Protein chains: 2
Amino acid sequence: MKPFVLIAEDEKAVAELLRYNLEREGYETAIAPDGDEAMIQLDERVPDLVLLDWMLPKVPGIEVCRRIRSKADTANLPVIMLTARTEEADRIRGLDTGADDYVTKPFSTTELMARVRAVLRRIRPALVEDKVTVGDITVDRTTHMVSRNQLDIHLGPTEFRLLDYFIQHPGRVFSREQLLDGVWGSDVYVEARTVDVHVGRLRKALMSRGGDDPIRTVRSAGYSLRGD
Amino acid sequence: MKPFVLIAEDEKAVAELLRYNLEREGYETAIAPDGDEAMIQLDERVPDLVLLDWMLPKVPGIEVCRRIRSKADTANLPVIMLTARTEEADRIRGLDTGADDYVTKPFSTTELMARVRAVLRRIRPALVEDKVTVGDITVDRTTHMVSRNQLDIHLGPTEFRLLDYFIQHPGRVFSREQLLDGVWGSDVYVEARTVDVHVGRLRKALMSRGGDDPIRTVRSAGYSLRGD
DNA sequence: CGGCTGCTTGACACATATGTGACACACGCT
DNA sequence: AGCGTGTGTCACATATGTGTCAAGCAGCCG
């Protein structure tokens, strides 16, 4: 059974981005565009996790969170709060209401996915894979360790997220734009060519232990991890 | 390549509603306000699907549908008929106009979108599937991989798009102009002869793994992919 | 069999996309 | 401050793909 995630977020673009990335990682999703709708959907089917926007129309996120905590069947439901980058006070109050984690916008989707996994692991450990192997490359999300043929490889944070992103869908070609969205964050502005440099660094690191290039360049389309 | 939908509908409000919803779901659209106009547009560019109003000025929908069926290049073109009332719909069904599906007005747009997807999937799987096989040739859009009899083939971007275009309509003959529009884009100017060169390159690549020429030259008309 | 027309194909100059070392800057640590 | 690490950008080198031409073929018709 796939973990079911409720996305309570009014900005359609953000909601769709989340849906896309969550489904890509094998979650089932539903979107609630406002607080009322979120409450209705929570009554209909209790999800395994809620992504809750702080500023939600009709019923604000913090209020939704309180109600979740006060109902018996959702009292332990994991909640990740999404907040706009504002004062610390908001964060603290968010945590006081019982959110399990918070993420400030703009966020990199891989980072958010990592938080989702972390929170779910606490509640339903069996649902999330910690360790993924494709070909001779293994990525361990809990320890942030990467290895090829049993030999450890050190990666910087960006290269790690990049590999983590590729490894979700081995073989699939991602454009520079998709990689920027997924690995760097939806609205951070960096040159598309920067992706090339990081791919180059990732390649160098992965090939430092021998073996051939595990990343395929698809001219005028993007890059992909060579699948099996 | 986005699926192209022709909307033959005289009520401007309805036509615009359809256009809005279709474009939102990633289709390209054109509107024909009467039967004559629909026929003209069908000659100019064959769409992937037609939404056809029953009561169309000048040439009625049923007649347009008959003509679509009787012309070689549109004989298999999916048509969804839009009719005003349910009783009418029943009668029309009895008339066997050759439409692939019927929707009665007023319709829910989500329902219509679902029908559009369903019809396209049935008639033109190549438009909606990620991986398409025709004969012994397989094209995978997510991985940008092409193979013939399990053997990988490397194609440059243009050859890839060209093959992808052909594979949408196996057997159908495309003129150089159609190919330039569809593969290069309607706004770039390149010599029509350039198509020949790229077809040649595509042939060479596809035959590099043995097998015979999968592309047929139709003298003074164009090229087509040998279908099944 | 010409002669016409349209198609094929190798060559090539040019255009674009990608790979990569260097560098300046931003952090977090001590 | 001084250090180590990681990041994003640039400039330049390389690799790869593109469009055009022209010579040579191939089908078609009288």
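As the structure is a computational prediction, the values presented were derived from the model and not from experiment. All chains are named by letter (A, B, ...) in the order of the sequence lines, taking the proteins before the strands, and each is independently numbered beginning at 1.
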Counting only side-chain nitrogens and oxygens, does [X] get under 4.0 Å of the OP1 or OP2 atom of [N]?
X        : N      : result
A:Arg193 : D:dA11 : no
B:Trp184 : D:dT18 : no
A:His198 : C:dT18 : no
A:His154 : D:dG4  : no
B:Tyr223 : C:dT8  : yes
A:Thr194 : D:dT9  : yes

Report the nucleotide, chosen from [options], that has the shortest atom-to-atom distance to any side-chain atom of [X].
X        : options               : result
A:Glu191 : D:dT9, C:dT18, D:dC21 : D:dT9
B:Thr217 : C:dC7, D:dT9, D:dA15  : C:dC7
B:Glu159 : D:dT7, D:dT9, D:dT18  : D:dT18

What is the minimum heavy-atom distance between A:Gly210 and A:Arg148, and which atoms define it?
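It is O-NH1, 3.4 Å.
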Under 4.0 Å, heavy atoms only, any strand: does [X] hit a base, just the sugar-phosphate, or nothing?
X        : answer
A:Val218 : sugar-phosphate
A:Phe160 : nothing
B:Val199 : nothing

Less than 3.5 Å between a donor and an acceptor, one on the side chain of A:Arg201 and one on the base of C:dG19, is that the case here?
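Side chain to base: no pair below 3.5 Å.
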Do B:Asp48 and B:Val5 touch side chain to side chain, with heavy atoms closer than 4.5 Å?
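Sidechains of B:Val5 and B:Asp48: no contact.
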Pairwise side-chain contact, A:His198 with A:Trp184, heavy-atom cut-off 4.5 Å (strictly under):
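Touching, per the 4.5 Å side-chain cut-off.
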Please indicate whether A:Asp152 has more than 12 foreign heavy atoms, meaning atoms of other residues, nucleotides or ligands, lying under 6.0 Å from its CG.
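Correct, the count exceeds 12.
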